[in-house]
There are 2 protein chains.
Amino acid sequence: MLGYALLGLLARGDRSGYDLTQGLKDPVGYFWHAQHSQVYPELARLEGAGLVTHSVVEQAERPDKKVYRQTDAGRAALRAWLTADTEVPRKRDELVLKAYSMWQTEPARAADMLRAHARAHAAHLAEFERRLAEVTLRAGTELHDPRSPWFGIQAVLRRGIGYEREYRDWCEWLAGALDGAGQALSPTTP
Amino acid sequence: MLGYALLGLLARGDRSGYDLTQGLKDPVGYFWHAQHSQVYPELARLEGAGLVTHSVVEQAERPDKKVYRQTDAGRAALRAWLTADTEVPRKRDELVLKAYSMWQTEPARAADMLRAHARAHAAHLAEFERRLAEVTLRAGTELHDPRSPWFGIQAVLRRGIGYEREYRDWCEWLAGALDGAGQALSPTTP
DNA sequence: ATCATCATGTAAGGGGTTACATGATTTA
DNA sequence: TAAATCATGTAACCCCTTACATGATGAT
């Protein structure tokens with residue numbers, strides 16, 4: 001899985017392990033991230049499988065680096081994965097798990113916590129919207145061309161925007177529901 | 001983490017390991033699931049930590065079962081977790097990762113795949129909406145009481161509804177964007 | 001002086017999935 | 001007759017996170 005993430009980044013151009021790790025932050029990393037300690041061994045595995053090759057680039061005033069390039073086999077592997085069936089992912093979300101048990105705790109405190117999360121998601125949302133505006137300017141007409149790499153960036157950003165907006169709204173709704181009944185109807189207050 | 005999921009279920013009543021595994025499907029399991037092979041050892045760990053106890057219930061025509069009950073320490077642990085800080089989770093979603101590289105593949109084929117996913121999410125959405133309607137009837141006025149267990153069920157269902165709706169819409173938007181430019185580049189925005 | 005960035009690795013450990021193992025009863 | 005449900009466990013493996021390790025340059 002991580003291998004395909006790396007191949008997807010390398011399809012956009014050659015990169016070092018360090019750059020790939022950075023690339024797994026922004027923006028695709030919001031939906032697939034990894035640490036460098038996972039990236040370096042995975043690159044070695046991909047090279048062993050003949051999907052990438054590397055060349056050492058010597059740098060003055062910076063450490064030398066290994067720049068990886070996708071092979072034809074690598075491109076083929078990426079395309080095969082793209083058209084293969086995709087499982088609907090099973091999620092794990094600690095906050096929703098907490099929401100399930102929130103009736104066990106003080107509503108006011110839970111509401112504060114949810115509002116803090118609402119703010120965090122609103123911040124992510126604003127960031128993604130800013131990025132989409134930026135990308136829209138830079139991509140020009142290519143934005144709507146499904147064969148342009150900008151198209152993929154746009155797709156991920158729009159998913160991020162929708163996700164964050166929904167999450168923010170849910171947090172705000174739940175916070176409101178919690179303090180809505182805080183003083184009004186609570187016959188079971190300790 | 002799994003331990004808190006189990007404690008959250010046990011806060012609603014005593015259950016066996018088998019029942020807990022089932023409970024981790026429906027509806028909270030949509031945001032936190034586990035296999036029985038993970039549940040049984042975790043229950044042993046919780047018992048070792050004094051957070052739950054069990055008693056063996058003999059059954060005719062069914063295998064004997066161990067019914068677990070939360071201790072006072074278990075309830076306290078659950079509440080401490082509920083009020084503790086929650087990290088904003090880092091997601092992994094294979095379909096979004098594929099979307100990032102979809103410019104590398106045939107737009108028509110990718111669009112078909114996305115429409116299949118849109119249908120799957122629409123089905124989940126319908127199921128959650130059906131459940132929420134059912135819960136609304138059964139819970140009555142307790143639905144709006146933040147101290148009722150129904151409140152937690154409602155919160156999870158509403159998150160599921162929002163999540164699935166957003167995911168479905170994104171799939172449909174992306175599918176449209178992909179085949180929109182299949183023959184000519186027509187401007188398609190959601 | 002200390003921290004962040006660039007740059008690449010290894011090792012230990014935790015959480016989770018899949019498979020192995022057993023066995024009765026009910027339903028299709 | 002085959003499958004699903006109830007019921008509880010163990011073992012192997014994979015993926016991922018955290019920490020260990022090294023070392024130069026530039027910024028605060």
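Within every chain, numbering begins at 1; the chains are lettered A, B, ... in the order of the sequence lines, protein sequences first and strands thereafter. Computed over heavy atoms, backbone and side chain alike; hydrogens, waters and symmetry mates excluded.
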5'-most contact on DNA chain D: B/K65 or A/S37, nearest heavy atom basis? B/K65
Non-hydrogen atoms of B/L82 and A/S101 that approach each other most closely: CD1-O, 3.4 Å
Given D/dT8, is OP1 or OP2 found less than 4.0 Å from the side-chain N or O atoms of B/Y18? no
Please state how far atom CD in B/Q35 lies from atom P in D/dC13, giving the value in whole angstrom units. 19 Å
Does the side chain of B/Q59 get closer than 4.0 angstrom to OP1 or OP2 of D/dA7 through an N or O atom? yes
May I have the distance from A/Y40 (atom OH) to C/dC6 (atom C1'), rounded to whole angstrom? 9 Å
B/D19 and B/Y68 side chains, donor-acceptor separation under 3.5 Å: no
Rounded distance (Å) that lies between atom P of C/dA4 and atom CD of A/E61: 22 Å
Could you check how far NE2 of A/H36 sits from C1' of D/dT22, rounded to whole Å? 11 Å
Which of D/dT10, D/dG23, C/dT8 is nearest the side chain of A/P63? It is D/dG23
What is the separation between atom NZ on B/K25 and atom P on D/dA4, rounded to the nearest whole Å? 13 Å
Separation of C/dG15 atom P from B/L24 atom CG, nearest Å, is 16 Å
Please tell me if A/H33 has a side-chain N or O lying less than 4.0 Å from either OP1 or OP2 of D/dT17. yes
Are any of the side-chain nitrogens in A/R75 or A/D72 under 4.0 Å away from the carboxylate oxygens of its partner? yes
Check the distance between C/dG15's P and B/E87's CD and give it to me in whole angstrom. 15 Å
Would you say a side-chain N or O of B/R92 is under 4.0 Å from OP1 or OP2 of D/dT17? yes
Let me know, please, whether A/G17 or B/L2 comes out on the 5' side of the other along DNA chain C by nearest nucleotide. A/G17
Between A/Q38 and B/W32, whichever has its closest DNA chain C nucleotide further toward 5' is A/Q38
Please confirm whether the ring centroid of A/Y30 lies under 6.0 Å from the ring centroid of A/H124. yes
Less than 4.0 angstrom from a charged side-chain N to a carboxylate O is my criterion; do B/R115 and B/D179 meet it? yes
If I take atom CZ in residue A/R90 and atom P in nucleotide C/dT18, what distance separates them, rounded to the nearest angstrom? 10 Å
